[in-house]
Amino acid sequence: MIHNNQNQDCSILDILRSLFGFQAFRPNQEPIIKSILSGKDVFAVMPTGGGKSLCYQLPATVMHGTAVVISPLISLMKDQVDAAVENGITAAFMNSSMNADEVADVYRMLKYNKIKLLYIAPERFAMPHFLERLKAAAVSLFAIDEAHCISEWGHDFRPDYLGLSLITKMFPDVPVAAFTATATQKVQKDIINKIGLREPHIVRASFNRANLFYEVNPKSKLELQLLEFLKGHRGESGIIYRTTRDSVMETAGFLVSKGISAVPYHAGLSSEERNRNQEAFNRDEASVIVATIAFGMGIDKSNVRYVIHADLPKNIESYYQETGRAGRDGEPARCLLFFSRGDIPKIRYFIDQITDDGERSIAMGKLSQTVGYASHNVCRRKQLLGFFGEEYPDDNCSACDICSGSVEQVDITSDAQIVMSAMSGTHERFGMGHIIDIITGADTKRIRELRHNEIKAYSAGSHKDKKYWRFLGDELLAQDIIRQDGEQYPVLKLTQKGSDVLYGKEKVTALKREEIRKKIRQPEKGGPGQYDEALFERLRSVRKRIAEEHQVPPYIIFSDKTLHEMSGYFPLTFPEMRRISGVGDAKLERYGEDFIQEIKIYLDENPGIPVPATNSGNRPADFDYPDAGQASKKKNCSRQDKRKLYH
Ligand code: ADP
Ligand code: ZN
């Protein structure tokens, strides 16, 4: 049943280039594809955006028969089929939203071997009729997406998935490839057993998402902070996560009042409204979606340029998964967490409702991990990967706020000593407010009555304001140098670590953030690194128009990465356009002309822009940029001026 090509190595690379328009495989794609082509089962854990779909779509195009893809989300099937069809692959889906005629059509195509890819939901496997039809057809391979749904140990168990254990029994000669973005070793074993994979080729890819920039900002005036951030990301797609439905509505309303096209999403909205808002976001009609964690499962959008957590995430797993929705196209994207200690009690409140002692203490542990992520002076990437048992090898990832030097470590030992001296001078019987009053030398009735104006620490910190001391107090709490005791009237106590600092045996440092966020450098990720921003905007409009005509989301026509390359390399002929990543034969034929025309018009209107010589047969990556000085000054629109720098 499997059609083995003699020159497999070279031919799969040819197909990658001609069909998908990509120059090289992403990590792990090639061995997975080769395993499938040789009839071997595969089990692969790859992060979101790792390029899992290509791993089965490519073999599907060369093998005889139809590849059956099992995917749990009906909402995604249409987009996946559209994306395949855009690349010139014949594909169809079958799900409960279709009428009998539509289903009969698909069966016909299956029978006559007219489709290379068939997407179905797992519940089909419980239908004997479907299995008979499938048995009578030529099936090239089975691909199981979101394979962790078969495991009760995973976080998203779906009983329908258990029916998939029939596959290897009924189709003993057909390779089965199972994919997931999340599986511990235990879940992995469980998945392999449940599906019955036969000595599969196993891939556990690195969870590192090199194009994501992780940062944490102290949350103060959230709405203004969001506006400030969005100013630098006008028109780009982004997700803002909030904990409660009310805060979702509030933030979305605020952004709309400021002229930003934002839509809300939470489980309290009607399903129609949810679908409408998700669709508006998917199609770039709304640039921001403000959502609770109810949003995300049904989204495949590749051009999400930022994910903001405006409140503390539930735990690191969720944080990683939610931020993972940024930058699936491999282009730089930002993951920003606004952190405030004030959010901790809100989460703790929910944890306190958990009746099982064990579970409650696990939840508390997870909360402190999240707080640690936000407040430790350790590379964010190293922390995230460490959480998944992966050691990040480099000292400096250069793509998080800690490593990029936008936060600086400062010694706060002597200020910490002032706080602790006030605490110990008052026998550790007072709360933060009173301690700050003492050190700032406040003249309150309480201080006079208790004669706290006579202790050594009184007024010792009057050179700084209360806001600073509150920040410092929070920092000391975060670092477990002091702790709060007592429910109703919390008082501050020294910890062992605190005593060591007070008596000069240990030092304390804190992170100081620079106000100017622009200093953050984004890593270069292949591609041109630089592009003409104005042209990119125009190509985005072309993409949007075409997407509307075809009734598909814009990112399915071309990814942001592809448009960035076009806006950096100015392809003006078919062969030049063909060298842009993401432009395969089918898309070149269909859309090449539209985009070339737009680039030509743009260059005509801006004659000062020097275009690199491109007919030398070089690939875009070899193009060189002329100096800014070479650009004509005439129109004040040299590429150097307009090109958006990637760092
Ligand atoms: P996953 O399902 O693993 O989250 P996708 O299959 O959606 O990831 O792929 C993410 C993005 O990466 C898509 O836009 C896809 O076209 C792109 N992609 C996949 N493989 C490659 C490759 N070899 N080179 C460049 N881009 C790729
Ligand atoms: Zn880092």
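Computed from heavy atoms alone, side chains included, the values below leave out hydrogens, waters and symmetry copies. Counting starts at 1 for both ligands and their atoms, following the listed order.
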Looking at M63 and P175, what are the two nearest heavy atoms and their distance? CE-CG, 4.1 Å

Between CD1 of I115 and OG1 of T66, what distance do you get to the nearest 0.5 Å? 5.0 Å

Cation over ring face, K314 and Y319, 6.0 Å, 45°: no

Counting distance only, does the side-chain N/O of K34 pair as donor-acceptor with the main-chain N or O of I12 below 3.5 Å? no

Nearest protein heavy atom with distance in Å, relative to atom 8 (O) of ligand 1: G51 N, 3.2 Å

Atoms of ligand 1 under 4.0 Å from any heavy atom of T48, numbered from 1 in the order shown, are 4 (O)

Worked verdict on K301 versus S237 for side-chain hydrogen bond (donor to acceptor under 3.5 Å, both in side chains): CA-CA 9 Å; K301 189 174 164 65; S237 293; 3.2 Å; yes

N282 and D300: side-chain hydrogen bond (donor to acceptor under 3.5 Å, both in side chains), yes or no, with the steps? CA-CA 8 Å; N282 216 16; D300 227 355; over 6 Å; no

Evaluating non-hydrogen atoms only, which member of C55, A24, S302 is closest to atom 23 (N) of ligand 1? A24

Are any side-chain N or O atoms of R334 and backbone N or O atoms of I308, one a donor and one an acceptor, separated by less than 3.5 Å? no

Contact between ligand 1 and G330 is defined here as a heavy atom of the residue under 4.0 Å from a ligand atom; is it met? no

Counting heavy atoms only, name the option from M46, K301, R26 that's nearest to atom 18 (N) of ligand 1. R26

Closest to atom 16 (O) of ligand 1 (judged by heavy-atom distance), picking from F20, F22, F558: F22

So Y119 and Y56, would you call those rings parallel, tilted or perpendicular, with 30° and 60° as cut-offs? perpendicular

Looking at non-hydrogen atoms alone, which of K52, Q57, R325, R328 comes nearest to atom 10 (C) of ligand 1? R328

Hey, what's the ring geometry for F207 with F388, parallel, tilted or perpendicular (30° and 60° as the breaks)? parallel

Report the protein N/O/S neighbours of the Zn ion (ligand 2) that fall below 2.8 Å; do not count waters. C379 SG, C397 SG, C400 SG, C403 SG

Counting only N and O atoms by type, is there a donor-acceptor contact under 3.5 Å from the side chain of R381 to the main-chain atoms of L212? yes

Which of the ligand 1 atoms, numbered from 1, are nearer than 4.0 Å to a heavy atom of F25: 23 (N)

Which residue holds the protein heavy atom closest to atom 20 (N) of ligand 1, what is that atom called, and what is the gap in Å? Q29 NE2, 2.9 Å

Ligand 1 contacted by S559 (non-hydrogen, < 4.0 Å): no

Hey, do the aromatic rings of Y569 and Y531 have their centres closer than 6.0 Å? no

Please state which option from P47, S53, S581 has its nearest heavy atom closest to atom 6 (O) of ligand 1. S53

Centroid-centroid distance, F558 to H564, less than 6.0 Å: no

Which of the ligand 1 atoms, numbered from 1, are nearer than 4.0 Å to a heavy atom of L54: 20 (N)

